[in-house]
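Beneath this line is the structure, given in structure tokens, with notes to follow.
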Amino acid sequence: MLIFMQMLLIHSDYIEYETKKKTKIAEEISDDMKSGRLEEALTAFIAVEKCDEANSDGTVAAAVAQIKNTLEQVKSDKVMVYPYAHLSSSLSAPDVGVSVLKGIAAALEEDGLTVKRAPFGWYKAFQISCKGHPLSELSKHICVDEAAESASGVGGSGSVAALKDGACGSTVQLSEDGDVVSEALKAESVAKSYFKIMDPSGVMHDVDSFDLKNNEKLQKFVNYEVSKNRAVNAPPPHVELMKRLELADYEPGSDSGNMRYYPKGRLMKSLLENYVIERSVTDFGAMEVETPIMYDMNHPTLKKYLDRFPARQYSIESDKRHMFLRFAACFGQFLMNHDMTISYRNMPLKMIEMTRYSFRKEQRGELVGLRRLRAFTMPDMHTLCRDMDEAKEQFFEQYEFCIDVLNNIGIDLDDFEIAIRFTKDFYNENKELIEKMVQKVNKPVLIEMWDTRFFYFVLKFEFNFVDTSDKASALSTVQIDVENAERYDITYTDSDGEIKRPTVLHCSPSGAIERCIYGLLEKAAMGSAKGEITTLPVWLSPTQVRVIPVSEKHTEFAENVASAIKYRVDYDDRELTLGKKVREAGTEWIPYTVVIGDKEAETGKLTVTIRAESQPNKPFQQEMTVEELNDRIGKEIAGMPYRGLALPKYMSKRAKFV
RNA sequence: GCCGUUGUGGCUUAGCGGUAUAGCGGCUGAUUCGUAAUCAGCAGGCCGGGGGUUCAAGUCCCCCCAACGGCUCCA
């Protein structure tokens, strides 16, 4: 049986506390315990945990051994024993806590040390001046093993880690015989190993210098062994692509996860944003609105909503008001809904906003390229429905809508996996709806079911894009919200004249726009890994046609051709060889490349290299007229938004962004 | 946030205690070319930031920042 306690040891110049107020579980104390101070002392912040109750003597002994050991290392003989409940989420009963703390203090005193103990169950103010040397801050997860097993195994610093806030603490395991082995020391004591590669002739090579390009499996094995890590230690492909294609980049001058978008990236974003808004408005009957990006943290309604939404916010001080940046458009739209006069005749009532931006202060380690950002652009649509029946009907319609939107963007059913999540109660009453959803896509989906509802919704789905490194990220999602109509006091008048609460749907038809770009780039990278020629959808390609003159004498005809092409066409007027210009058109993934030379000037026909029909090392070329090329592109991008070139038409005029 | 890896001109990178490498890109000149890299020359560096060790630090140590991977979480 294992017994745990949490302890944080701090070696300080001084520690000083003062009691402020009793809690319900406060121990009775004499006046001299109401404040205390020790110089050059080790302070032991301790949380006695539930599982310590079964063997409080063992816990005391283990803690004493640990403290004495640390005292020796830091050359001190003074200890402040300080109850600190925040180290644990599973505290022991108060009486056990008090007796363990008293026991620790008494045992240390018996050994002739100077000991003070801060009282249990009081609100206390304290000041501590941490010395800051390597041993001055140690978090101990004491683990007494009654069966006296070895001290090996995994130690967890658990909740202690959160407290340390950047300090370099180490986890220590303590077996009953008192041996202390810190993970850091253990790691150091392990003999270093070196890796080499031997070639067939028996010669030894350094791993780094030996070329493994033709030994893929060995390369993988070496990576695995050397880095002791299954993961590829390289950025995901879309990060390299977003830079190389001059779409987006990190902005060191901002917070992490806030990107800069170059002209080509802005063009793509703009097209995607317009597409989602236009579909939602024109085909789906949503009304586009715009709402503020920051809100008052102390607004009573918003405050409650913040507590229910599992996201971290950016917060900003604005004079005396404490504001936070929105993480979706819910706030603004619900506040708007609250002030509206709504009849059942207006329903289902849909509003949408392309949130540029939504902010979520994700944890540092969660941010990656365009997959996970702190500032992102997301269409957020809310639908007010008369009742749950209408909500379910809408839910299914929006499910189909989301599939279609992603499909047109260039991410189809094969590219993502579906998750459907709901409460048990909802499922029991609505099995057909769930079944219908799965039938619609005709492939297995992930189901998550909750016993009780702890979010604001009873049913949701998301489409998860699965990328090159087998990571999944949510794109489209719809949720049935059964809480916020009440929280925001949103009402409508029904046909019977009654004032009623609507049921609310949250929907992001495409998911974050940046994440769609990430999906398209990752998808391209997957194709490329399979030996395919990579492309972007023609409607999203920053350049749709590039015209390349063979030499200066073809300038006039080539320029005429370029101006006769109706789409995003640019013109490579740089003094480079033909081969080089063609190569660059290829690295930019341009769908149509037109080379103009004597032959074209003579016949008036164009030789067009069509990327989508090309094979590796086998460019597909076709003769066509300007009109035929225009027709072809027109058909390909029909129904999708269009914008002109984002950069100068003449290549010589273009600056490099990356 | 925690753990691990990485950080050298705009980009990719060599150097791993002793005067900062090279290629691409940029600029200048020559070349006017038929489908994935024409040739030559020139400019460009507080070696991520701060502190320390040393006669001497991209190089060794500590702290910070960022990117990447893992945990976790989501659009």
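Note on naming: letters A, B, ... go to the chains in the order of the sequence lines (proteins, then strands), and numbering restarts at 1 for each one.
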A:H382 NE2 - B:rA75 P separation (whole Å): 11 Å
Let me know the distance between CD1 of A:I418 and P of B:rA75, rounded to the nearest Å. 16 Å
Using the P atom in both, what is the distance from B:rU5 to B:rA57, to the nearest Å? 26 Å
Taking it one step at a time, do A:R421 and A:E462 satisfy salt bridge (charged side-chain N to carboxylate O under 4.0 Å, His left out)? CA-CA 9 Å; A:R421 308 170 205 268; A:E462 331 97 31; 2.4 Å; yes
Spacing of the P atoms in B:rC68 and B:rU8 (rounded, Å): 15 Å
Under 3.5 Å, is there a donor-acceptor pair linking the side chains of A:D481 and A:Q479? no
Roughly, in whole Å, what's the span from CD in A:Q363 to P in B:rC3? 13 Å
Any chance you could list the contact pattern along nucleotides 35-43 of chain B? Use B for base contacts, S for sugar-phosphate-only contacts and - for none, protein heavy atoms under 4.0 Å, 5' to 3'. BBBB-----
Check for me: is A:F376 stacked on B:rA75 by the 5.5 Å centroid and 30° plane-angle rule? yes
How long is the line joining CG of A:L367 and C1' of B:rG69, in whole Å? 14 Å
Please state the C1' separation for the pair B:rC33 and B:rC65 - nearest whole angstrom. 49 Å
Between B:rU28 and B:rG52, how far is it from one C1' atom to the other, in whole Å? 46 Å
What pairs with A:Y314 under ring pair (Phe, Tyr, Trp, His ring centres under 6.0 Å), at least two apart in sequence or on another chain? A:F359
What contact category does A:D598 fall into here, base, sugar-phosphate, or nothing, at under 4.0 angstrom with non-hydrogen atoms? base
Would you mind classifying the nucleic acid contact of A:L373 as base, sugar-phosphate or nothing, using non-hydrogen atoms under 4.0 angstrom? base
Judged by whether its glycosidic angle lies within 90° of 0, B:rG58 is syn
How would you label the contact of A:R244 with the nucleic acid (heavy atoms, under 4.0 Å): base, sugar-phosphate, or nothing? nothing
Nearest-angstrom distance, C1' atom, B:rG15 to B:rG45: 14 Å
Taking any heavy-atom pair under 4.0 Å as a contact, classify A:K618: base, sugar-phosphate, or nothing. nothing
Tell me whether the guanidinium CZ or amine NZ of A:K460 lies under 6.0 angstrom from the six-membered ring centre of A:F422 and within 45° of its axis. no
Does A:T577 have any side-chain contact (heavy atoms from CB on, under 4.5 Å) partners at least two apart in sequence or in another chain, and if so, which? A:K580
Residues forming a ring pair (Phe, Tyr, Trp, His ring centres under 6.0 Å) with A:H506, sequence neighbours excluded: A:F334, A:H382, A:Y456
With P as the reference atom in both, quote the distance from B:rC16 to B:rC61 in angstrom, rounded to an integer. 15 Å
Got a sec, which residues hit side-chain contact (heavy atoms from CB on, under 4.5 Å) with A:D404, two or more places apart in sequence or on another chain? A:R279, A:N408
A:D573 meets the salt bridge (charged side-chain N to carboxylate O under 4.0 Å, His left out) criterion, sequence neighbours left out, with none
Listed partners of A:E628 passing side-chain contact (heavy atoms from CB on, under 4.5 Å), at least two apart: A:M624, A:T625
What's the gap between B:rG51 and B:rU59 when it is taken at their P atoms, as a whole Å value? 14 Å
What's A:A472 touching, base or sugar-phosphate or nothing? Going by heavy atoms closer than 4.0 Å. base
Pair A:S508, A:D380: side-chain N/O donor-acceptor within cut-off below 3.5 Å: no
A:E588 and A:T543: side-chain donor and acceptor closer than 3.5 Å? no
Starting at the 5' end of nucleotides 6-12 of chain B, put B wherever the base has a protein heavy atom under 4.0 Å, S where only the sugar-phosphate does, and a dash everywhere else. ----S--
Using the test side-chain contact (heavy atoms from CB on, under 4.5 Å), find all partners of A:A512 that sit at least two apart in sequence or belong to another chain. A:F376, A:E514, A:R515
Once ring pair (Phe, Tyr, Trp, His ring centres under 6.0 Å) is applied, do any residues pair with A:Y261, and if so which ones, sequence neighbours excluded? none
Give the rounded distance in Å between these two atoms: CD of A:E362 and P of B:rC2. 17 Å
Under 3.5 Å for both distances, Watson-Crick or G-U wobble, that's the pair rule; now give the dot-bracket for RNA chain B, with | marking pairs to another strand and [ ] for crossing ones. ((((((((.[[[..)..(...]]].(((((.......))))).....[[[[[..)....]]]]])))))))....
Can you check the distance between B:rC24 and B:rA37, where both ends of the measurement are the C1' atom (answer in whole Å)? 10 Å
Rounded off to whole Å, could you give me the CZ-to-P distance for the A:R371 and B:rC74 pair? 15 Å
Please determine whether any donor N or O and acceptor N or O are separated by less than 3.5 Å between the side chain of A:R360 and the base of B:rC73. no
Of A:K361 and A:S510, the one whose nearest nucleotide on RNA chain B sits closer to the 5' end is A:K361
Run the salt bridge (charged side-chain N to carboxylate O under 4.0 Å, His left out) test against A:R574 and tell me which residues pass, sequence neighbours left out. A:D572, A:E584
Whole Å only: how far is the CZ atom of A:R421 from the C1' atom of B:rC73? 11 Å
Tell me: CG of A:D380 to C1' of B:rC74, nearest whole Å? 14 Å
Closest-nucleotide 5' rank along RNA chain B - winner of A:H554 and A:A512: A:H554
